[in-house]
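Each ligand, and each atom within it, is numbered from 1 in the order the structure gives.
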Amino acid sequence: MLQTLTIIIPCYNEELLIEKTYQRVNNVLEKLANYESNIIFINDGSKDKTAEKLNVIANQNSNVKVIHFSRNFGHQAAVTAGINNTETDLAIIIDADLQDPPELFGEMLDLYNSSNCNAIYCVRKTRKGETLFKKITAKYFYKLMDKLSEVPIPLDTGDFRLIDKNIINEFKKLGEKNKFVRGLISWIGFVQIPFYYERDLRLEGETKYPLKKMIRFALNGIMYFSKKPLKLAIQIGFFSTIIALALLIYILYGYFFSNKAVAGWASTLTIVIFFGGIQLLTIGLVAQYIANIFDEVKGRPDYIIAHKVNF
Ligand code: UDP
Ligand code: MG
């Protein structure tokens, strides 16, 4: 029996390129004769014509399925919905903007078949046409992630990857709401190997990750995979207590044994403001973890499906 292959494509306001994306992915799939393949598009609450265009494609092609969300729930929720709604042997997650070339599917599948593994994560050798700002922030985000995270999360990998049934089944059992997909897949384990490739330019439209979303995404990734920031708060507290004690000894010494007591409200104020700042910062940090617990405890679903097509 043929193995089944599902391509998972999250889409948010991608009307400019969704047809092209379908064409290119489908061309590649038609050449993969050894697989029974289908495509799941997740329409993540797009406000443009993405929904209509996806429905047209699905009506003409029975191997295309569409999941429409009730509103925008975010890229990670969309990928999660794709994984949760497939019963397949193999799945490949890919962005709708074709920065990750679908022409690589063949090579990825060959690598999967020739090396006893359960997942292939695609590592970017280069990032063509991305702004210097994006390149730098991405570089430091991945470095920081690597330092902080309690599970190894490979550098310079996005969600572009191939996963097999073992990983898919375990992923479906994960209970957390705010899923950082690439971290969780790495956390699941089994045998996962890298595949190096060149990342292209976005074909049309603009990035759906403005700075605000990027920061939220990065913070989520770090907080859900690391308790180290909390330890940092303790370390800063410990360090500043020692400094304060040393200062106290110095001040008392000055007061009792020399005539000139340490003068000036400027230094006092500086210290007060400095430590006020550190305290607020660390409280804020702790509060952020509590907010995450709050979100998890409420137990709301990661996404709501309005309707499905061709399922
Ligand atoms: N995306 C989504 N929901 C969102 C934002 C993005 O489904 O809220 C999709 C988007 O359509 C694309 C993928 O996630 O297929 C990656 O987004 P984008 O290419 O804009 O990110 P970048 O490559 O700039 O980091
Ligand atoms: Mg992109």
Basic-acidic side-chain contact under 4.0 Å: R199, D95: yes

Let me check something: any side-chain donor-acceptor pairs from residues 238-245 under 3.5 Å, sequence neighbours excluded? List them with distances.
{"residue": "S240", "atom": "OG", "partner": "I236", "partner atom": "O", "Å": "2.9"}
{"residue": "S240", "atom": "OG", "partner": "G237", "partner atom": "O", "Å": "3.2"}
{"residue": "T241", "atom": "OG1", "partner": "G237", "partner atom": "O", "Å": "2.6"}

Are the side chain of D164 and the backbone N or O of N166 linked by a donor-acceptor pair below 3.5 Å? yes

Under 2.8 Å from the Mg ion (ligand 2), which protein atoms of type N, O or S occur, listed by chain and number? D97 OD2, Q99 OE1

So does E52 pair up with K49, basic N to acidic O under 4.0 Å? no

Do any nitrogen or oxygen atoms of ligand 1 lie under 3.5 Å from a protein nitrogen or oxygen, and which ones?
{"residue": "ligand 1", "atom": "3 (N)", "partner": "D44", "partner atom": "OD2", "Å": "2.6"}
{"residue": "ligand 1", "atom": "3 (N)", "partner": "H75", "partner atom": "N", "Å": "3.3"}
{"residue": "ligand 1", "atom": "8 (O)", "partner": "D44", "partner atom": "OD2", "Å": "3.4"}
{"residue": "ligand 1", "atom": "8 (O)", "partner": "N72", "partner atom": "ND2", "Å": "3.1"}
{"residue": "ligand 1", "atom": "8 (O)", "partner": "K213", "partner atom": "NZ", "Å": "2.8"}
{"residue": "ligand 1", "atom": "11 (O)", "partner": "Y12", "partner atom": "N", "Å": "2.9"}
{"residue": "ligand 1", "atom": "11 (O)", "partner": "E14", "partner atom": "OE2", "Å": "2.6"}
{"residue": "ligand 1", "atom": "15 (O)", "partner": "P10", "partner atom": "O", "Å": "2.8"}
{"residue": "ligand 1", "atom": "15 (O)", "partner": "A96", "partner atom": "N", "Å": "2.8"}
{"residue": "ligand 1", "atom": "19 (O)", "partner": "D97", "partner atom": "OD2", "Å": "2.7"}
{"residue": "ligand 1", "atom": "19 (O)", "partner": "R202", "partner atom": "NH2", "Å": "2.9"}
{"residue": "ligand 1", "atom": "20 (O)", "partner": "R202", "partner atom": "NH2", "Å": "2.9"}
{"residue": "ligand 1", "atom": "20 (O)", "partner": "K208", "partner atom": "N", "Å": "2.5"}
{"residue": "ligand 1", "atom": "23 (O)", "partner": "Q99", "partner atom": "OE1", "Å": "2.7"}
{"residue": "ligand 1", "atom": "24 (O)", "partner": "K134", "partner atom": "NZ", "Å": "3.4"}
{"residue": "ligand 1", "atom": "24 (O)", "partner": "T207", "partner atom": "OG1", "Å": "2.6"}
{"residue": "ligand 1", "atom": "25 (O)", "partner": "K134", "partner atom": "NZ", "Å": "3.0"}

How far apart are the closest heavy atoms of D44 and Y12, and which atoms are they? O-CD1, 3.2 Å

Provide the full list of side-chain hydrogen bond (donor to acceptor under 3.5 Å, both in side chains) pairs with a residue in residues 279-295, sequence neighbours left out, each pair given once. D295-K298

Give a yes-or-no answer on whether the side chains of Q76 and D159 include a donor-acceptor pair shorter than 3.5 Å. yes

Could you check E15, E19, E14 and say which one makes a salt bridge (Lys or Arg N to Asp or Glu O under 4.0 Å) with K53? E19

Flag this pair as yes if the NZ/CZ of K65 is under 6.0 angstrom from the six-membered ring centre of F311 and inside a 45 degree cone about the axis; otherwise no. yes

